[in-house]
Amino acid sequence: MSFDASSTPPNNSDSRARLLNASCLDFLLIELVPMAERIAKDLAAEDRLLDDEETNETAFFRLESLGYRVGQGLAERFSRDRPRFTDNLDVIKFLCKDLWMTLFKKQIDNLKTNHRGVYVLTDNSFRPFARMSMSIRSEAVSMAQAYLWFPCGVIRGALSNLGIYATVQAETTELPGATFQIKAINKS
């Protein structure tokens, strides 16, 4: 398929445009982690002071920061025409339904809360893990952890832009599932 620059770009109702957008996000996520790890290793080689753990932290910080900025932009873009949220749970529901649908073409499978600022989001078929596999299952699960850093940043950035300051942690124990734990921080 070719694209003529003089023609109008496809609109959102064009199914091919949606597939293209989903593929672009998939490829971006596939390449982000190796890129961040390469940059962190290059920095470690220059400094010769960073060990493997510090190199991983550098990659984590870069990926989480990129995700944070993306999350801020997404929240701004997709919440601007909505009525103001009344409480934190409404914001989390918006994240689980609307924002997740925009990013991963599905809603979060399960949301749990203790009603004191802790939310656990479970995605049983997390899209970035859909095609991830390795010959040794435990190796795949440990390598998959790095692919959760960017989405953690997206969640934290979106929540921040919607007035909730939080920490976000994620884990996977069985591919393709992922669990995100959000702890709201009270700003006094």
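Residues: numbered from 1 along the sequence shown.
- The environment of NZ in Lys106 is crowded: more than 12 heavy-atom neighbours from other residues, nucleotides or ligands sit within 6.0 Å.
- The neighbour count for Arg82 CZ, taken as heavy atoms of other residues, nucleotides or ligands under 6.0 Å away, is above 12.
- Smallest separation of non-hydrogen atoms from Ala158 and Leu95: CB-CD1, 4.4 Å.
- With hydrophobic clusters built from ILVMFWY side chains whose heavy atoms lie under 4.5 angstrom apart, Leu28 shares a cluster with Leu66.
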With a cut-off of 3.5 Å and sequence neighbours excluded, list every side-chain donor-acceptor pair involving residues 172-180.
| from | atom 1 | to | atom 2 | distance (Å) |
| --- | --- | --- | --- | --- |
| Thr172 | OG1 | Gly177 | O | 2.5 |
| Glu174 | OE1 | Arg137 | NH1 | 3.3 |

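- Ile39 is not connected to Ile30 by any chain of hydrophobic side-chain contacts under 4.5 Å among Ile, Leu, Val, Met, Phe, Trp and Tyr, and they are in different clusters.
- For the atom pair Ile185 CD1 and Leu159 CG, the distance stands at 10.5 Å (nearest 0.5 Å).
- No path of Ile, Leu, Val, Met, Phe, Trp and Tyr side chains, each step under 4.5 Å between heavy atoms, connects Ile92 with Met101, placing them in separate hydrophobic clusters.
- The two residues Ala170 and Gln145 come nearest to each other via the heavy atoms O-NE2, 2.6 Å.
- Applying the ring pair (Phe, Tyr, Trp, His ring centres under 6.0 Å) rule to pairs touching residues 61-91 yields Phe85-Phe94, sequence neighbours excluded.
- The closest side-chain heavy-atom distance from Val70 to Phe150 is below 4.5 Å.
- Cluster annotation: Ile155 is not connected to Val120 through the hydrophobic network of ILVMFWY side chains, with a link wherever side-chain heavy atoms come within less than 4.5 Å.
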Verdict with reasoning, Leu74 to Leu103, per side chain to side chain contact (heavy atoms under 4.5 Å, CB included): CA-CA 9 Å; Leu74 287 171; Leu103 280 171; 3.7 Å; yes
